[in-house]
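These numbers come from a predicted model, not from an experiment. Excluded from the calculations below are hydrogen atoms, water molecules and symmetry mates; all remaining heavy atoms, backbone and side chain alike, are included.
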Amino acid sequence: MKQQVTPLFEYFKNKTHNWTIIPATLTDQYTEISALSMACDYGIPECKELATRLFNDWKNSNVNGIHPNLRSTIYCNAIGEGGEAEWNFLWEKFKNTTSAQEADKLRYALSCSKEPWILNRLLEFSLDSTKIRKQDALTTIIGVAHNIVGQSFAWNFVRANWEKIFQHLGGTSISFGGIILGITGRFSTQFDVKQLQQFKEDNKEIGFGTATRALEQAIETAEANVRWVDENKAVIKEWFEAKVKP
């Protein structure tokens, strides 16, 4: 992936004069966002350095010069590379922004930390309406789950606090099932399947409301993922090993 993405990253770096201007066409703007996001996701060092530099320029000057197109990617990767100071800075910006669109970008980025204790704190904040709006609690928890570091923390949090989550968010919400599917989408081991089944058993008295079908889907998907891995992991492992040979 680095071999595929690096030329595109370099192309837009040159086209935008080192990310100082925005491409003229909407297609190029969209592709620039994708190129930058994928470059950082796959660990291209120059992308991580760019995110850290632009974020620190904002932090040190208190003037946000990051173009709105690039903010989600820059914020997320800067938080991922940073520590408590960077997270606290963004948290203050999140609390004080008056723009709903900017608040969504900031809240998403807060879930990008690689620090377990920070992610656990954010999960606790998600059920505190004085810190995060009730209607944003669901996507905040799912955001942590989409972070590789945070997936197990989000799942453990939901299992330990299901009754509180059910009461806080309301089990009749149409989107409520998203919390189950959003957290368990990567489940692919027999242990994961057993945990889902145990979760279903442990909370049958509390219930699952509109998430009832989502839980069944999650179990079915995890079981299908287990079968897929069993059937394909050997040939895929062989393919990857052939690709990385000198």
Side-chain angles (χ1 to χ4, degrees), residues 37-38 40-43 72-73 75-82 87 90-91 94 103-129 131-171 173-200 202-203 206 208-226 228-229:
S37 177
M38 291 180 71
C40 283
D41 285 347
Y42 285 102
S72 288
T73 296
Y75 292 173
C76 180
N77 283 279
I79 292 300
E81 293 297 299
W87 196 94
L90 210 68
W91 174 252
F94 168 72
D104 284 343
K105 293 176 182 178
L106 293 166
R107 185 166 48 81
Y108 163 72
L110 290 167
S111 69
C112 296
S113 175
K114 293 186 175 70
E115 294 287 348
W117 72 270
I118 288 178
L119 295 174
N120 278 322
R121 182 173 68 176
L122 182 59
L123 289 168
E124 294 291 340
F125 284 1
S126 72
L127 298 184
D128 183 344
S129 297
K131 293 184 169 64
I132 291 176
R133 299 185 310 169
K134 185 179 292 189
Q135 59 264 44
D136 293 328
L138 184 72
T139 52
T140 301
I141 295 169
I142 293 172
V144 174
H146 286 176
N147 177 343
I148 291 292
V149 176
Q151 180 181 344
S152 61
F153 299 125
W155 175 228
N156 290 338
F157 178 78
V158 167
R159 287 192 299 157
N161 295 279
W162 181 249
E163 183 173 7
K164 186 176 180 181
I165 291 169
F166 192 85
Q167 294 170 350
H168 183 73
L169 301 183
S173 167
I174 293 173
S175 61
F176 190 59
I179 195 169
I180 301 293
L181 298 176
I183 289 174
T184 63
R186 290 196 187 105
F187 281 15
S188 59
T189 69
Q190 198 59 52
F191 179 72
D192 293 332
V193 173
K194 288 179 179 178
Q195 281 200 329
L196 275 166
Q197 293 169 335
Q198 189 64 51
F199 174 70
K200 178 182 176 181
D202 290 345
N203 295 285
I206 299 169
F208 301 95
T210 54
T212 300
R213 178 56 190 147
L215 178 57
E216 296 300 330
Q217 288 178 316
I219 294 171
E220 292 167 9
T221 299
E223 289 173 337
N225 288 345
V226 170
W228 192 94
V229 171

Could you go through the side chain to side chain contact (heavy atoms under 4.5 Å, CB included) check for Ile141 and Ser126 one step at a time? CA-CA 7 Å; Ile141 295 169; Ser126 72; 3.5 Å; yes
I'd like to know whether Asp136 forms a side-chain hydrogen bond (donor to acceptor under 3.5 Å, both in side chains) with Thr139, so could you lay out the CA-CA distance, the side-chain angles of the two residues, the decisive distance to 0.1 Å, and finally the verdict. CA-CA 6 Å; Asp136 293 328; Thr139 52; 4.6 Å; no
Tell me the closest heavy-atom pair linking Leu110 and Leu119, and the distance in Å. O-CD2, 4.5 Å
Pair listing, side-chain hydrogen bond (donor to acceptor under 3.5 Å, both in side chains) test, anchored in residues 149-158, at least two apart: Gln151-Arg186, Trp155-Gln195, Asn156-Arg159
For the residue pair Asn161 and His168, establish whether any side-chain heavy-atom pair is separated by less than 4.5 Å. no
Contact check, side chains of Asn147 and Phe153, non-hydrogen atoms, under 4.5 Å: no
With a 4.5 Å cut-off on side-chain heavy atoms, are Glu115 and Trp87 touching? no
For Phe187, I'd like to know if atom CZ has over 12 heavy atoms of other residues, nucleotides or ligands within 6.0 Å. yes
Can the ring centres of Phe176 and Phe208 be said to be less than 6.0 Å apart? no
Does the pair Cys40/Cys76 show an SG-SG distance of less than 2.5 angstrom? no
What I'd like to find out is whether the side chain of Thr184 reaches to under 4.5 Å of the side chain of Thr221, using heavy atoms alone. no
Using side-chain hydrogen bond (donor to acceptor under 3.5 Å, both in side chains) as the criterion, list what pairs up with Glu223, not counting sequence neighbours. none
Is there side-chain contact between Trp162 and Ile179, with heavy atoms separated by less than 4.5 Å? yes
If you count heavy atoms of other groups shown closer than 6.0 angstrom to OH of Tyr42, is the number above 12? no
